[in-house]
Every structure is written in structure tokens, then in C-alpha cells.
Amino acid sequence: MAGTAIRRRLSWQTTTVTDITQETATAVTIGLSPADWPEHLAGQHLDVRLTAEDGYQAEREYSIASAPGEPLAITVERLDDGEVSPYLTTELRAGDQIELRGPIGGYFVWSPADIGPVQLLAGGSGIAPLRSILRHRLLSGSSAPMRLLYSARTVDDVIYRDELASLPADVQVSYTLTRAQPPGWTGYIGRISAAMLASAAWPAADRPLAYVCGPTPFVEAAAAWLVELGYRPELVKTERFGGA
Amino acid sequence: MDLCVDGNALGGLLIDVFGADLTAASAVCGSCGTSAPVAVLTVYRRAPGTVVRCRSCDAVLMVFVTVNGALGVELAGLAGLDSPGPLDVLRRCVGSFNAGVRTGDFSAMTGMFTDDGEMAFRAIPAGSFRGKAAIAGAYAQQPPDDTIRLLRCDCRDSSASADYAWSKNPGALAGRMDLAFEGTLIRRLTITYLRD
């Protein structure tokens with residue numbers, strides 16, 4: 001929260017990759033075991049730094065995909081023209097070492113102390129911090145009502161597919177597939193729209209808190225429509241990770 | 001390619017510069033006056049630096065450039081940075097109340113209300129008090145004899161609700177506070193006792 005930021009030094013540390021899980025053709029979840037790591041908040045991110053042989057350094061932020069208290073993990077999707085993600089998704093192996101620092105972020109975070117309804121909107125790998133929120137809800141015993149609308153290109157691009165399918169029944173999960181749909185698909189089709197949100201998201205009258213994460217155009221469109229539907233702008237929290 | 005992101009990505013950089021995570025702080029644009037959380041600002045990261053712009057008017061608010069290992073910071077476009085959110089006001093309110101219980105001086109608590117602020121009780125016949133003088137009088141006449149601690153709180157834009165317990169029985173729900181804020185002051189505080 002604003003004004004309560006805790007002063008501390010944020011130091012880079014070298015940590016070992018514990019395991020790598022291939023989530024989709026382009027996304028992996030990387031387990032990490034930093035020695036000095038205060039418990040993170042659901043929704044926070046960490047910074048990863050890669051150093052090339054010639055000393056060139058590149059840094060990127062990755063959302064933490066695990067819940068507070070769980071072993072630390074990030075989910076990374078390969079961007080073909082990216083500087084960092086191609087290495088993390090195709091070269092990195094368990095046992096390798098990478099540099100990171102964190103946890104970081106005080107805005108795009110959810111706490112079980114907030115008992116009101118929560119609307120989660122994910123575009124592509126924007127699901128990662130929302131997965132941390134969903135797992136935190138489960139592990140903390142929170143009964144905050146939650147709904148998730150997840151936009152992906154195809155069903156094979158859906159990250160955490162099995163996990164999302166096994167969420168408790170009181171978490172409503174909807175999907176929209178923008179590029180191709182399997183035969184018999186009963187979910188939404190096409191890019192997220194005002195009409196889709198009107199049917200899949202909490203009504204504004206419930207005063208939901210919204211978390212929207214994905215590529216910039218997705219976030220811009222989705223957040224604007226939520227506000228149009230009557231969501232209070234202050235309660236629509238956004239995180240954009242490029243794409244524009 | 002991820003060259004244009006938002007202020008969430010500034011978290012680490014702002015900790016480097018200010019020693020605190022400021023992504024939830026409010027940034028006020030010096031050009032158009034819009035106040036927005038740092039997290040929603042537009043961030044461009046084309047080498048050699050990071051440029052932060054207002055999402056409303058596109059004015060440059062902050063520039064960070066590293067030259068020869070030294071980080072240069074330019075904040076001239078900002079009219080302001082940081083202002084407390086509802087949770088902070090709620091915490092300060094509880095702190096002031098508890099300080100009043102310990103010292104007998106509730107002036108810090110009274111000072112948290114707007115001039116025509118109101119304190120009301122539900123479920124006990126204490127009534128309601130409007131204005132700082134009336135609220136100060138209520139604390140003077142019937143000073144609470146125990147400090148409180150929050151059990152859970154639900155903070156929204158300009159209001160907050162919190163369940164609390166008396167410190168002598170810290171696990172037991174004692175009541176609920178509903179607060180309406182005006183900036184960093186309390187416009188109305190309603191206390192609902194749930195049990196004795």
C-alpha cells in the first residue's frame with residue numbers, strides 16, 4: 001500500500017534453478033530457490049538479470065506464479081524477438097544459476113484481508129500473477145468470491161490448464177480462444193469484448209476488485225470495458241507486459 | 001517486443017532510487033494534474049534509459065539513465081509523488097485510538113476527523129457525535145479502557161471496513177468499524193459492537 005513501503009535494499013542474488021516445467025509449446029515454469037527471500041505477496045514480480053559473455057546485461061520482470069509460502073516459481077513465455085525469454089524458455093536447465101532480485105510490487109497485489117469479490121482477467125501469460133492469487137486464496141482459506149476470464153490464442157496455449165480445471169467449484173473460470181477453437185468448444189470465441197465481460201464478469205453492483213494482466217492492448221481494452229460496465233477505475237488494477 | 005510496459009515494471013528501479021517500493025504510490029502529473037498510481041504510468045525502455053510518461057497526457061514525468069555505471073534521475077515532470085491510501089489512514093486511526101487508550105489523550109484520534117466529521121455507534125445506546133468537539137467530548141466522558149487490533153479489513157477507494165478485537169481478548173471478534181474518508185481524514189466512523 002502507498003505510504004507504507006518498507007525500506008530495504010534490493011540486492012541481486014545468484015540462485016539455482018530447481019526444476020523446469022514445460023507448460024505449453026512456448027511457456028515454461030521455472031522453480032527457483034533464492035537463499036535470501038522474504039515471503040512475497042500474491043501478484044508481485046521479480047527481476048531477472050542475464051549477463052552475456054561480453055558483459056552486456058539485460059533485465060526483465062517476471063510475475064511470481066507461486067503462492068506466498070510455496071516454493072518460488074515464475075512462468076515465462078517465449079517472445080521470439082525478446083532478449084531474455086528465449087534463453088529462459090529454451091536454454092535454461094535445472095541446476096543452472098540465474099541472477100534475480102525481489103519480490104517487487106505494491107500495487108498489483110491481492111491479500112486475503114480483502115474479502116470482497118475479485119474479477120481476474122488474463123491475456124496469454126498474464127495468467128501467471130493471477131495464478132498466484134488463485135493459489136493464495138486456496139491456501140489461505142479465503143472465501144473471497146473469484147471469477148477468472150482467460151484469453152488465449154488456442155486451447156494448447158492455455159497455461160496451467162489442468163490446474164485451472166481443478167479449481168474449487170466456487171471459482172468460476174471462463175475462457176475465450178482468439179485464434180482457433182477445438183471441435184465442440186463451448187467457451188467464448190474471439191478477442192475479449194464488452195459483451196463477453198458483461199456475461200462472464202461480476203456485475204459492477206457487487207463492487208468487485210479487478211486484476212487485469214496481459215499484453216498492453218489486451219489490458220487497455222479490458223480495463224476500459226470494465227470501467228464502462230460500471231467498475232470503479234480505482235478498483236481495476238492493471239499490469240501490462242509489452243506487446244505495443 | 002516488451003519495450004512499452006507500465007509502472008509495475010519500475011518497482012525494482014524505484015527501490016534502487018528511493019529505497020522503497022513506490023508502485024502503489026500516487027504520481028501527480030505536472031502538466032495535466034492527473035493523479036494515478038505509479039503502476040499505471042506508461043514506461044518506455046528503449047536504450048539507453050527508461051522514460052516514464054503520464055497515461056493521460058503523455059507528458060514525460062520521470063527519466064532514468066545509467067551513464068558509466070551512475071544512475072541519473074530526472075523527476076521534473078512530476079508535481080507530486082505518494083499519498084496515503086485508505087489502508088494507511090485506517091492503520092493511523094487504529095494507532096491514534098490505541099495511543100489515546102494508553103495515554104488518556106485522544107487529541108490525535110480526534111484530529112483524524114474532518115471538521116464536521118461524525119462518529120456513530122450501533123447496537124449500543126451511545127448515539128452519534130458530530131464535529132471534533134463532540135467527538136473529543138465523547139472520548140473524555142467515556143474513555144475506552146482497552147486497545148484494539150484489527151482482525152481483517154476491506155479497503156476500497158475512499159472507504160474501509162474492518163473487524164476488530166479488544167487486545168485483552170485478541171482472537172474474539174468484538175465489532176466492526178466502517179470508515180468513510182475525505183482524503184486522509186475521516187468523514188464518518190461507524191462502530192458496530194457485536195458483543196460485550
Side-chain angles (χ1 to χ4, degrees), chain A residues 1-10 12 41 43-47 49 58-61 63 79-85 100-109 111-116 129 142 144 207 209 213 215-216 219-220 223 232-244, chain B residues 1-27 35-45 47 50 55 66 69 81-92 150-163 184:
Chain A
M1 278 292 153
T4 57
I6 298 158
R7 290 193 160 267
R8 70 181 173 89
R9 201 166 285 281
L10 191 62
W12 290 100
L41 307 171
Q44 280 189 309
H45 69 266
L46 53 79
D47 289 350
R49 180 166 73 182
E59 292 174 29
R60 286 295 178 273
E61 307 77 34
S63 291
L79 302 170
D80 288 331
D81 54 354
E83 279 191 324
V84 175
S85 65
L100 58 80
R101 63 176 189 175
I104 299 165
Y107 168 77
F108 197 84
V109 292
S111 156
D114 199 322
I115 58 177
S142 159
R207 298 193 71 210
L209 185 55
C213 186
T216 300
V219 172
E220 296 285 301
R232 304 181 59 170
E234 307 79 20
L235 300 183
V236 178
K237 293 179 182 273
T238 49
E239 184 158 277
R240 303 158 181 84
F241 57 71
Chain B
M1 155 108 229
D2 57 343
L3 291 171
C4 170
V5 291
D6 68 22
N8 290 293
L10 294 174
L13 183 59
L14 293 175
I15 293 174
D16 286 342
V17 175
F18 296 103
D21 195 317
L22 292 174
T23 48
S26 293
S35 175
V38 167
V40 312
L41 302 176
T42 311
V43 174
Y44 298 90
R45 293 192 294 192
T50 299
R55 196 163 286 279
T66 302
L81 186 60
D82 205 2
S83 74
L87 185 60
D88 303 284
V89 182
L90 176 62
R91 285 186 179 140
R92 220 168 67 236
L150 295 184
L151 297 176
R152 61 195 322 177
C153 45
D154 180 20
C155 287
R156 302 275 155 137
D157 182 27
S158 60
S159 66
S161 295
D163 291 342
T184 59

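These numbers come from the heavy atoms of this one structure, side chains and all, not from hydrogens, waters or symmetry mates. Worth saying up front: this structure is predicted, and the values here are computed from it rather than measured.
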* To do: Return the minimal non-hydrogen interatomic distance between B:A9 and A:E61, and the atom names on each side.
  => CB-OE1, 3.4 Å
* Asked: What are the two closest non-hydrogen atoms of A:G106 and B:A24, and how far apart are they?
  -> O-CB, 3.3 Å
* **Interchain contact, B:D163 with chain A, by part (heavy-atom threshold 4.5 Å)** => neither
* Considering all heavy atoms of both residues, which atom of B:L13 and which atom of A:R101 are nearest to each other, and what is their separation? -> N-NH2, 3.7 Å
* **Side chain proximity check, B:R45 to A:R60, heavy atoms < 4.5 angstrom** => yes
* N-O pairing of B:D154 and A:R207 below 4.0 Å -> no
* Reported OG1-to-CD distance for the pair B:T23 and A:Q44, which is rounded to 0.5 angstrom -> 8.0 Å
* What part of A:P233 lies closer than 4.5 angstrom to a heavy atom of chain B: side chain, backbone, both or neither? -> neither
* Atom of A:T238, atom of B:D6 and distance for their closest heavy-atom approach -> O-OD2, 3.7 Å
* **Min side-chain heavy-atom separation B:N8-A:Y107 under 4.5 Å** => yes
* To do: Step by step, work out the salt bridge (charged side-chain N to carboxylate O under 4.0 Å, His left out) result for A:E220 and B:R55.
  => CA-CA 11 Å; A:E220 296 285 301; B:R55 196 163 286 279; 3.0 Å; yes
